[in-house]
Amino acid sequence: MSSGRRLRAGIIGLGGIAQSPAPKATHPALGTGMPYSHASAYSFLSAEVQLVGVCDVVTEQHEVFKKNWASTWPDMRYYHDAREMLAKESLDIVSVCTPDHLHREAVVAACEAGVPAVLCEKPLATNLEDVDAMIQAAARSGTHLSVEHTRRWRPHWYLARQMVRDGAIGELVYVQETMTGPGNAMLFRNACHGVDLINFFAEGEPLWVWAELDPDFDGYGRVYKGVSGRDRNLDPGANIYISYNNGVRGLHIGFQKGVRDLSVLLTGTQGKLEITDSTLTHIQQPDHENPFASPQTFVSRSIALPHTTNGGIPGAIAELIECVRTGTPPEISPAREAAKTVVIMVGALESHDRGGVKVNLVSFAKEVS
């Protein structure tokens with residue numbers, strides 16, 4: 001990473017993803033586990049970036065932050081108004097960690113204040129109008145806007161995509177992703193990570209979707225009703241079939257009933273990759289050109305997971321630090337990629353509301369291009 005002055009950062013919204021301490025390691029000599037909140041990531045990257053201000057409309061959240069981080073940042077400045085913080089702190093990077101349906105106001109405010117880089121929590125938004133407003137605001141101000149779809153920065157997920165690009169399974173044909181279980185399958189709250197992973201591997205433009213929601217969500221309508229994002233009765237699970245312009249097909253399996261699971265199966269013309277948060281398995285079929293080949297001919301091997309100094313949210317922030325220093329746009333999870341996930345989820349709501357029909361996404365995509 002380039003050297004230079006320490007960049008200045010701020011956080012808007014102080015929920016758990018914003019400020020939870022990093023998990024403890026198995027021994028104090030080992031430091032901590034990989035940071036999984038924005039504050040712990042900024043602490044981890046303190047040689048490059050200094051967290052100088054945090055904002056939340058709820059004073060109690062300030063107190064929680066002080067309890068967690070006062071010894072790390074004794075001079076932290078606390079705000080109730082995001083625009084006030086943006087006006088006073090000359091920030092280089094802002095993390096937006098407000099509830100999902102409130103991302104637009106904070107992101108647009110940061111762009112209008114001239115902040116060079118913004119890391120927005122997932123999903124980018126809960127409707128297409130907000131997505132368009134944020135992308136347009138970033139374009140006007142030249143702000144680097146990245147979205148925290150965590151697994152894009154985890155090394156073995158990135159390795160899996162590189163294996164696909166290098167032809168390890170031949171031509172990619174099908175991406176099946178499963179994210180099930182109570183709460184885990186909430187489409188906008190959590191399962192957006194799974195839908196994003198389909199986009200991550202498919203590397204195409206979604207053309208149409210067909211979807212069904214959890215049985216209890218008949219009559220849900222076409223507008224997200226989750227508000228705070230914490231009530232699984234207001235955020236449905238869904239099964240979504242996706243068609244891409246490059247011929248790849250995707251399937252998101254996301255009903256809330258069943259065990260908690262996250263897994264991805266990539267099927268190609270010469271083999272498969274199976275991926276979870278802790279495993280990567282390469283499955284090859286030596287006689288793949290034989291139309292009558294038996295499944296018993298598959299050869300499976302576990303891929304050793306790579307270890308890196310950054311991953312997850314620290315990786316996202318490290319990329320934005322480099323963007324600010326060099327002027328290059330974010331590559332791993334830019335807003336245009338995150339917009340695809342919102343387009344698919346909104347299209348899924350419409351598909352179910354219309355009785356399970358194919359919904360053309362091209363017109364949606366034009367709105368956020």
Checklist entry - How far does CG of D216 sit from CG of N233, to the nearest 0.5 angstrom? => result 8.0 Å
Next on the checklist: I need the minimum non-hydrogen distance between I169 and L172, along with the two atoms involved.
Outcome noted: CD1-CD1, 4.1 Å
Item to check | Test side chain to side chain contact (heavy atoms under 4.5 Å, CB included) applied to K122 and N190, step by step | outcome: CA-CA 9 Å; K122 56 71 193 168; N190 288 321; 4.0 Å; yes
Checklist outcome for this item: What one should report as the nearest heavy-atom pair of G204 and K340 is O-NZ, 3.1 Å
Checklist entry - Hey, does L45 have a side-chain heavy atom less than 4.5 Å from the side chain of N310? => result yes
Next on the checklist: Working note: F200 + E177, criterion side chain to side chain contact (heavy atoms under 4.5 Å, CB included); need CA distance, chi angles, decisive distance, verdict.
Outcome noted: CA-CA 11 Å; F200 180 67; E177 166 269 323; over 6 Å; no
Checklist entry - Do D277 and H156 get their side chains close enough for a donor-acceptor pair, meaning under 3.5 Å? => result no
Next on the checklist: Hydrogens and angles aside, do H144 and E319 bring a side-chain donor and acceptor to less than 3.5 Å of each other?
Outcome noted: no
Checklist entry - Quick one: CZ on R161 to CZ on R151, what's the gap to the nearest 0.5 Å? => result 15.5 Å
Checklist outcome for this item: Nearest heavy-atom approach of Q19 to Q61 is NE2-O, 3.4 Å
Item to check | Between CD1 on residue I12 and CD on residue E121, distance to nearest 0.5 Å | outcome: 13.0 Å
Next on the checklist: Run I332 and E337 through side chain to side chain contact (heavy atoms under 4.5 Å, CB included) and show every step you take.
Outcome noted: CA-CA 9 Å; I332 298 177; E337 278 294 302; over 6 Å; no
Item to check | Mutual orientation of the aromatic rings belonging to W157 and F201 [parallel < 30°, tilted 30-60°, perpendicular > 60°] | outcome: tilted
Next on the checklist: On a heavy-atom basis, which atom in A39 and which in F65 lie closest, and how many Å separate them?
Outcome noted: CB-CE1, 4.0 Å
Checklist entry - Does the ring of Y79 carry K88 above it, NZ/CZ under 6.0 angstrom from centre and within 45° of its axis? => result no
Item to check | Residues L207, V362; criterion side chain to side chain contact (heavy atoms under 4.5 Å, CB included); working and verdict | outcome: CA-CA 6 Å; L207 297 179; V362 175; 4.2 Å; yes
Item to check | Aromatic plane relationship, F188 with Y224 - under 30° parallel, 30 to 60° tilted, over 60° perpendicular | outcome: tilted
Item to check | Nearest-0.5 Å distance, CD1 of residue I135 to SG of residue C111 | outcome: 10.5 Å
Checklist entry - Are side-chain heavy atoms of P123 and T341 found at a separation under 4.5 Å? => result no
Item to check | A160 versus I275, closest heavy-atom pair with distance | outcome: CB-CD1, 3.7 Å
Checklist entry - Do you know the tightest heavy-atom contact between S333 and V147? => result OG-O, 2.7 Å
Next on the checklist: Could you measure the distance from the OG atom of S351 to the CG atom of N360? Nearest 0.5 Å is fine.
Outcome noted: 12.0 Å
Next on the checklist: Do T276 and E274 pair up side chain to side chain, a donor and an acceptor below 3.5 Å, judged on atom types alone?
Outcome noted: no
Checklist entry - Under 3.5 Å, is there a donor-acceptor pair between the side chain of N184 and the main chain of M179? => result no
Next on the checklist: So for atom CD, which belongs to E171, do other residues, nucleotides or ligands contribute more than 12 heavy atoms lying within a distance under 6.0 Å?
Outcome noted: no
